[in-house]
Every structure is written in C-alpha cells, then in structure tokens.
Amino acid sequence: MIKLHDKVFTPYLREEQILAAVEKMAVEIAKDYQHETPIFVGVLNGAFMFVSDFLKAYQHPCQVSFVRLSSYHGLTSTGIVEALLDVPEDINGRSVIILEDVIDTGRTLKKLVHLFSKTNVKEFKIASLFYKPDVYSGEYSIDYVGMEIPDNFIVGYGLDYNELGRNLREVYQLKQNNMINLVLFGKPGAGKGTQAGFLKENYNLKHISTGDVFRYNIKNGTELGKLAKSYIDRGDLVPDEVTINMLKDEVEKNPDAAGFIFDGFPRTTAQAEALDNFLESKDMQINATIALEADDDILVARLLERGKESGRTDDQDEDKIRNRFDEYNQKTAPLRAYYEKQGKFHSINGIGEISQITERLSVVVNSLS
Ligand code: AMP
C-alpha cells in the first residue's frame, strides 16, 4: 500500500506483468513494421517509461520522437486538450505509431488524431499499453493494446496522481473506500467472538480478536505471550502500548481486507484514540461500534460454562471474572461516550438465541452502506 498526496493506492500490476505486455506489443508491431523504419511517437508525460521499455524490446530499425499534450485542470465534459510539443518534422510519407500509456475516454486520442490529420503520413497507428474499454467513447479503433483494464484510477510506470507516482516500477490502483470496519463492544462473555464469526462470513470481513492473538502468543511461548500472560491470568488489561502495537501489526498483515471486525479492542480511551489515528493514516475509519448488552449475572454464568469447555483459566474463577468486569467498567465503559460523540455507537440486546442476536447486528451493519 502507498500514499500519494491524500490518497491510498494498492498494488495492481507487477513489473513482470507490465513488461510482458510491452514485449507482446513489440512483437506484434515488429511483425507489421520490421521491414521499414517506422517513427514511434511517445505521448508525454505518461508514456516515457513505456516508450523506453518498448524500444528495448523492439530491436529493429526505428526512430523515436515525442508529442506532449496537456489537459487543463478542471476539465469540462467536452475536455480541452492542448498540444505543448507539436508533431515531429519530416514525417511525411512515413509510418507513424503513437505510443500511449493509457487510453480511457479517448479525449486525448481525438486530439492526437486531429494533430496528425494535418500531416501527410503513410500510415497512422495507435498503440496503447493500457486500454479501458468500459469508458472509451471514441470512434478511432486502437490498433495495438498491451492490456485491457477496468476503469480504476491507476498510477505508476509513468502514470501520476497530481504528478506523484510516475517513478513507481509497478502499477497501483486507487483504493476504493467502501470498507466496513466494526468495533464489537461489550463485557467479557457478551458474545462478541461468536457474533464476529457470523459477521465475518456474511460481510467478508477480517476478524481481529486481541484476546485470541494474546492466547495464540501464550500458547506459542513468544515474547509477547510471556509479557501478556501475567496480566491475563489476573484478569487485568495488558498495557496499552503492547496491545496497540500488536493490533497495528494484525491490520498491516491484511492489506487486502474488505474490512475488519475489532473484537476486544479498543478497551481504553488511549486505544480508541490510537485506533482512530492509525486508521486515518491509512485512509480508513471505524463505521460503527456495536455493543452487545447483557446483565452481569448472566455473563458470569456464561463465562463459567465457557471455562469448563475451553479450559481458559480466566473464565474459571468468579473473582477473576468480576475483576475483568471492574476493568471494563473503569476503563472500557467510557468508550461508549467516545463513540457516541462520533455518532457511531449502536446498542444491541445481547440476550436471546444466537441467530436472533446475529439478526439484530445485521440490521445495524446493513444500515451502514
Ligand atoms: P478477551 O478474550 O477479549 O476476553 O481477552 C482476554 C484478556 O486478554 C483480557 O482480559 C486482557 O487481559 C487481554 N486483552 C485482550 N484485549 C485487550 C485489550 N484491547 N487491551 C488490553 N488487554 C487486552
């Protein structure tokens, strides 16, 4: 993932894929032109990298030249394109092949065709490394295409977003911000983990349970596990710094996720603030915090039952359970006000059949998009 100005981009085409497309075009064009000396005309600025790699792949007699076109900022629907560097001289009677980086609406292409229509070339052909058939509305057919791509905004390999990104060797696409990021909120035993299991399937989300990550680390005897164990055994919270860094790592491990369910995190105001800042730096945000509400006595009974099955020591001792509730009341409960202030807090009755509770949660999640 990379950030250019205010936007986040994710990897889309690897260098090998791009070079394979360039190579394929060179072979196709050589088939048609290797017995003459065509003039390749690169369209600046975007095509400079493509032209360079194309020429390395085209090992037959040829000449190279450039035109430079510029679109005014704030294009109107008709689009105004201006020639800054005009057609090369002495092209009359020669075969000209335009090398474009990307053709989308066809606006630039129209101007190019117009520019060259004043000349007396033998043949005029268009070769574009990338082509967006879904948005192309021009009449001119494109003679050579490296790769057809969907209508996503791309950068890299010569292409820019407000002049940044041209030097990237790979192509990235703009990250569409239609992620759903949820915080499941509630006391231990409220059913967060159970419900996260359903939500992640139904909405294709990545479930991050900080409690599960700690238990995994304890089981595997990692440094993190050793550090967290004493706190967890007492039913105390693990220090914020440790938990926050661990959470960030878990998010970073899943750059392609369609969204996250945060279960058992944040549990303190410092964690909530750190989460907001971290997500913002990735152009992400929490969409909703959903609390599962249930009485303490019901929760204690549930946890003791769970402790028998799972062997979780912190679920087997009522004192430890009550200590976790105290931690919740002191440190986690204030987060309700934190998220209410952001207009993101939703409360759900956490008592009933599991499927009924899933249904109540789904109503909230469906209302988000
Ligand atoms: P859980 O499985 O969510 O009930 O978490 C079990 C234990 O892991 C808690 O009692 C804490 O000791 C620790 N833990 C889990 N999440 C956090 C968190 N966000 N902040 C601090 N400690 C946590």
Side-chain angles (χ1 to χ4, degrees), residues 181-200 205-253 260-279 286 289-294 296 298-336 338-339 350 361:
N181 297 309
L182 304 173
V183 172
L184 281 187
F185 196 74
K187 286 183 183 165
K192 301 187 295 292
T194 307
Q195 293 300 332
F198 291 105
L199 288 177
K200 84 171 187 194
L205 304 175
K206 172 78 192 159
H207 174 205
I208 300 181
S209 155
T210 40
D212 284 351
V213 181
F214 282 132
R215 281 185 287 278
Y216 176 86
N217 278 279
I218 292 172
K219 202 170 125 212
N220 288 284
T222 66
E223 282 307 309
L224 178 64
K226 283 178 203 150
L227 187 72
K229 191 171 186 315
S230 59
Y231 297 97
I232 294 180
D233 282 348
R234 287 193 300 269
D236 290 342
L237 291 188
V238 177
D240 279 340
E241 198 190 304
V242 177
T243 315
I244 290 167
N245 286 333
M246 180 183 88
L247 188 278
K248 287 181 182 173
D249 284 348
E250 292 297 312
V251 172
E252 302 278 9
K253 277 186 207 162
F260 292 91
I261 303 170
F262 299 106
D263 160 9
F265 188 97
R267 263 174 153 107
T268 63
T269 308
Q271 290 181 13
E273 285 168 353
L275 182 62
D276 274 350
N277 291 335
F278 174 63
L279 293 181
I286 293 296
T289 292
I290 311 178
L292 292 166
E293 310 276 8
D296 283 7
I298 292 180
L299 295 177
V300 173
R302 276 191 198 172
L303 288 171
L304 289 170
E305 199 53 39
R306 182 169 85 180
K308 281 188 216 154
E309 289 158 24
S310 70
R312 265 181 71 169
T313 47
D314 60 344
D315 282 349
Q316 291 175 11
D317 175 333
E318 186 161 342
D319 284 347
K320 284 183 189 170
I321 293 173
R322 296 275 176 197
N323 183 42
R324 281 151 73 200
F325 288 178
D326 286 346
E327 287 278 77
Y328 178 91
N329 289 333
Q330 274 178 39
K331 296 176 182 165
T332 311
L335 290 183
R336 180 187 188 113
Y338 180 91
Y339 285 111
L361 279 162

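Numbering of ligands and ligand atoms starts at 1, following listing order. Note that the numbering runs from 1 along the sequence shown for the chain. Below, all heavy atoms of this structure are taken into account, side chains as well, without hydrogens, waters or symmetry copies. For clarity, every value in this text was computed on a predicted model and none was experimentally measured.
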### Message
Set out, in order, the CA-CA distance, both residues' side-chain angles and the distance that settles side-chain contact (heavy atoms from CB on, under 4.5 Å) for Tyr216 and Thr222, then state yes or no.
### Response
CA-CA 9 Å; Tyr216 176 86; Thr222 66; over 6 Å; no

### Task
For atom 22 (N) of ligand 1, find the nearest protein heavy atom and state the residue, atom name and distance (0.1 Å precision).
Val238 N, 3.0 Å

### Message
Between ligand 1 and Arg234, can you find any atom pair, the residue atom being a heavy atom, that is separated by under 4.0 Å?
### Response
no

### Task
Please work out whether any backbone atom (N, CA, C, O) or any side-chain heavy atom from C-beta onward of Asp236 is under 4.0 Å from ligand 1, and answer side chain, backbone, both or neither.
backbone

## Note on the structure
Nearest non-hydrogen protein atom to atom 1 (P) of ligand 1, with distance, is Arg267 NH2, 3.6 Å

### Query
Just by modelled atom types, is the Lys187 backbone N or O under 3.5 Å from a matching donor or acceptor in the Lys192 side chain?
yes

### Query
Can you check whether Arg215 has an N/O within less than 3.5 Å of an N/O in ligand 1?
yes

### Message
Taking 4.0 Å as the limit for heavy-atom contacts, which would you say applies to Lys192 with ligand 1: side chain only, backbone only, both, or neither?
### Response
neither

### Query
Does atom CD of Glu293 have more than 12 heavy-atom neighbours from other groups under 6.0 Å away?
yes

### Query
Does the Thr289 side chain pair with the main chain of Val183, one donor and one acceptor, at a distance under 3.5 Å?
no

### Query
Is a side-chain donor or acceptor of Gln271 paired with a backbone partner of Arg267 at a separation under 3.5 angstrom?
yes

### Message
Using a 4.0 Å cut-off to any heavy atom of Thr210, which atoms of ligand 1 qualify?
### Response
15 (C), 16 (N), 17 (C), 19 (N)

### Task
Ignoring hydrogens and angles, tell me if any N or O in the side chain of Asn323 forms a donor-acceptor pair with the backbone of Arg234 under 3.5 Å.
yes

### Task
Could you check atom 7 (C) of ligand 1 against the protein and tell me its nearest heavy-atom contact, residue, atom and distance included?
Ile232 CG1, 4.0 Å

### Task
Report the nearest protein non-hydrogen atom to atom 19 (N) of ligand 1: residue, atom name, distance rounded to 0.1 Å.
Gly264 O, 2.8 Å

### Ligand-side contact atoms (ligand 1) for residue partner Arg312, heavy atom cut-off under 4.0 Å
1 (P), 2 (O), 4 (O), 6 (C)

### Test of proximity, Tyr231 against ligand 1: N or O pairs below 3.5 Å
no

### Message
Applying a heavy-atom cut-off of 4.0 Å, say which part of Glu327 lies close to ligand 1: side chain, backbone, both or neither.
### Response
neither

### Numbered atoms and elements of ligand 1 in range of Gln271, under 4.0 angstrom, heavy atoms
18 (C), 19 (N), 20 (N), 21 (C)

### Message
Parallel, tilted or perpendicular, judged at 30° and 60°: which one describes the rings of Phe260 and Phe262?
### Response
parallel

### Query
Hey, which of Asp236, Asp319, Asn329, Asp315 is the one that makes side-chain hydrogen bond (donor to acceptor under 3.5 Å, both in side chains) with Arg324?
Asp315

### Message
Taking 4.0 Å as the limit for heavy-atom contacts, which would you say applies to Thr243 with ligand 1: side chain only, backbone only, both, or neither?
### Response
side chain

### Query
Which residue owns the protein heavy atom closest to atom 23 (C) of ligand 1, what's the atom, and how far is it?
Phe214 CE1, 3.8 Å

### Query
So, Lys253 and Glu250, do they make that salt bridge, N to O below 4.0 Å?
yes

### Task
Give a yes or no on whether the backbone of Asp233 and the side-chain of Lys320 come within a donor-acceptor separation of less than 3.5 Å.
yes

